[in-house]
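Quick one: the structure is below, and I'll ask about it shortly.
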Amino acid sequence: MAEKGSAADPLPALIGLLRESYGEIAWWPGGPEEVMIGAILTQQTKWENVERALDNLNVLDCCSLEGVLSLSLSELEEAIRCTGFFRIKSQRLRALSMAVRDVGGRSVLEKMSLSELREWLLSLHGVGPETADSILCYALNRPSYVIDAYTERICGCAGIPEKGAALKARFEEVLVPENKEYRLCHAWCVEYAKDYCGAKRCNECIVKNLNE
DNA sequence: TGCCAGGGATTAG
DNA sequence: CTAATCCATGGC
């Protein structure tokens with residue numbers, strides 16, 4: 001329920017600005033299982049290092065859920081070492097792969113409702129909100145908006161104070177509720193943050209005071 | 001050289 | 001319930 005009369009809602013303005021700046025960009029390449037693996041590997045890690053690990057797995061012909069399970073623990077750890085946290089992540093990849101296998105494979109996931117599937121993902125050890133939503137949005141083509149640290153940072157600059165689940169809800173009420181829109185907007189946020197936002201504070205942040 | 005990266009789980013207060 | 005701390009490598 002957006003109130004009228006007070007200041008304009010900065011979120012539509014922010015989304016419009018990002019859309020004009022970046023338009024139709026391609027993002028998060030790879031098939032469903034490679035995306036699922038990448039979603040774990042990219043936790044607190046630069047994407048360039050994730051790509052190296054995915055390349056390593058592809059060379060081994062193991063960049064898939066069954067492929068992950070076919071490797072010994074030390075082989076898996078070695079392949080993903082360059083992403084950091086490799087002991088934890090190797091366990092998380094195994095847990096995810098085994099969970100999908102145990103539930104009956106990806107075809108079973110396709111039949112689950114969005115909320116059911118999201119809860120299932122969140123129940124897995126090592127899958128939190130961002131990883132779950134990334135898998136939903138980019139691997140399984142579901143309309144679940146991804147909130148990451150970048151998005152919260154940009155929104156903070158733009159005068160949108162919500163975080164986490166509340167911020168996710170805000171994006172989902174403003175955007176056209178389609179997977180493609182969710183993908184695009186999240187991609188814009190990340191590209192924007194890479195271009196303009198440092199870790200501690202924004203550099204030349206162009207979203208500040210959007211509604212003034 | 002020190003800081004941070006497209007988080008999440010665990011422990012502490 | 002919020003705030004630290006750990007996990008670990010690689011790049012600037």
Side-chain angles (χ1 to χ4, degrees), chain A residues 14-15 18 21-22 25-30 32-57 73-99 118-140 142 144-158 160-168 171 175 179 181-203 205 207:
Chain A
L14 170 61
I15 291 171
L18 293 172
S21 302
Y22 296 102
I25 56 178
W27 215 62
W28 209 321
E33 298 195 7
E34 181 165 332
V35 172
M36 293 171 86
I37 291 167
I40 298 287
L41 295 180
T42 197
Q43 291 170 352
Q44 194 66 20
T45 301
K46 288 194 164 110
W47 181 252
E48 293 69 40
N49 295 332
V50 175
E51 278 194 316
R52 262 184 238 146
L54 294 175
D55 287 343
N56 293 340
L57 290 171
L73 184 58
S74 58
E75 286 173 327
L76 179 57
E77 286 180 345
E78 189 54 38
I80 69 170
R81 176 179 295 271
C82 55
T83 69
F85 305 140
F86 61 90
R87 292 188 186 87
I88 286 178
K89 286 177 178 175
S90 57
Q91 297 299 335
R92 290 180 179 179
L93 287 177
R94 282 186 158 192
L96 174 63
S97 300
M98 286 191 283
R118 188 167 191 273
E119 287 310 308
W120 181 80
L121 287 168
L122 288 174
S123 74
L124 303 179
H125 200 59
V127 177
E130 184 181 337
T131 305
D133 290 327
S134 295
I135 290 172
L136 287 166
C137 191
Y138 292 100
L140 303 175
R142 302 293 185 115
S144 192
Y145 193 77
V146 180
I147 298 295
D148 55 21
Y150 284 162
T151 304
E152 292 186 347
R153 200 179 298 163
I154 296 165
C155 286
C157 289
I160 303 159
E162 287 89 349
K163 297 192 180 302
L167 189 55
K168 172 180 168 68
F171 272 92
L175 288 168
N179 172 258
E181 281 290 286
Y182 289 5
R183 288 182 184 236
L184 275 176
C185 190
H186 175 231
W188 296 333
C189 287
V190 175
E191 289 304 305
Y192 177 86
K194 284 182 178 174
D195 289 344
Y196 295 105
C197 297
K200 290 190 173 181
R201 64 184 178 195
C202 290
N203 305 318
C205 190
V207 302

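Chain naming here is simple, since letters A, B, ... match the order of the sequence lines and numbering starts at 1 in each.
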Does dG7(B) have OP1 or OP2 under 4.0 Å away from a side-chain N or O of Q43(A)?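 Answer is no, no contact under 4.0 Å.
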For the pair T45(A) (side chain) and T83(A) (backbone), establish whether a donor and an acceptor sit closer than 3.5 Å, ignoring hydrogens and angles.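 Yes.
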For F86(A), which contact category applies under a 4.0 Å heavy-atom criterion: base, sugar-phosphate, or nothing? sugar-phosphate
5' precedence on DNA chain C between T45(A) and R52(A) (nearest-nucleotide basis):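 Mapping each residue to its closest nucleotide by heavy atoms, the 5'-most match is T45(A).
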Atom CG of N49(A) and atom SG of C82(A): how far apart are they, to the nearest 0.5 Å? 6.0 Å
At 4.0 Å (heavy atoms only), tell me whether E130(A) reaches a base, stays on the sugar-phosphate, or touches nothing.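 Touches sugar-phosphate only.
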At less than 4.0 Å, is any side-chain N or O atom of R87(A) found next to OP1 or OP2 of dA9(B)? Yes or no.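 No, R87(A) has no side-chain N/O under 4.0 Å of OP1/OP2 on dA9(B).
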At under 4.0 Å, does any side-chain N or O of R153(A) touch on OP1 or OP2 of dA5(B)?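 Checking R153(A) against dA5(B): at least one side-chain N or O falls below 4.0 Å of OP1 or OP2.
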Provide, to the nearest angstrom, the distance between the CG atom belonging to L41(A) and the P atom belonging to dA8(C). 13 Å
Can you identify which nucleotide, out of dT10(B), dG7(B), dT9(C), has its nearest atom closest to the R81(A) side chain? dT9(C)
Go through dC7(C), dG8(B), dG10(C) for me and flag the one nearest to the K46(A) side chain. dG10(C)
Hey, does G128(A) reach any base, or is it just sugar-phosphate, or nothing, if we go heavy atoms under 4.0 Å? sugar-phosphate
For T151(A) and I147(A), indicate whether the former's side chain and the latter's backbone hold a donor-acceptor pair under 3.5 Å. no
Distance below 4.0 Å between T83(A) side-chain N/O and dG10(C) OP1 or OP2: no
Can you work out whether L122(A) or Y138(A) has the more 5'-proximal nearest nucleotide on DNA chain B?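 Final value for this comparison: Y138(A).
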Rounded off to whole Å, could you give me the CH2-to-C1' distance for the W47(A) and dA5(B) pair?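 My rounded result for the distance is 13 Å.
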Can you find a side-chain donor-acceptor pair between N179(A) and R183(A) that sits under 3.5 Å?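 Distance-only check passes for N179(A) and R183(A).
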Could you state the atom-to-atom distance from CD of E78(A) to P of dG10(C) in whole Å? 10 Å
Take atom P in dA4(C) and the same atom in dC4(B), then report the distance between them in whole Å. 15 Å
To the nearest angstrom, the NZ-P distance between K163(A) and dT2(C) comes to 13 Å
What is the distance, rounded to the nearest whole Å, between atom NZ of K89(A) and atom C1' of dA9(B)? 14 Å
Can you check the distance between dT11(B) and dA8(C), where both ends of the measurement are the P atom (answer in whole Å)?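 The answer is 15 Å between these two P atoms.
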Nearest-nucleotide pick for F85(A), side chain only, options being dA9(B), dG10(C), dG7(B): dG7(B)
Quick one: label V127(A) by what it contacts on the DNA or RNA (base, sugar-phosphate, nothing), any heavy atom closer than 4.0 Å. sugar-phosphate
From the options dG10(C), dG8(B), dA8(C), select the nucleotide whose nearest atom is closest to the side chain of P129(A). dG8(B)
Main chain of R87(A), side chain of S90(A): is a donor-acceptor contact present, judged purely on distance under 3.5 Å? yes
Nucleotide dC7(C), atom P - distance to CD1 of I80(A) in whole Å: 16 Å
To the nearest angstrom, the CD-P distance between Q44(A) and dG7(B) comes to 5 Å
Can you name the one residue among Y182(A), F171(A), Y138(A) that meets side-chain contact (heavy atoms from CB on, under 4.5 Å) with V146(A)?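 Option passing the side-chain contact (heavy atoms from CB on, under 4.5 Å) with V146(A): Y138(A).
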Nearest whole angstrom, please: distance from the C1' of dA5(B) to the NZ of K194(A).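 Distance check: K194(A) NZ to dA5(B) C1' gives 10 Å.
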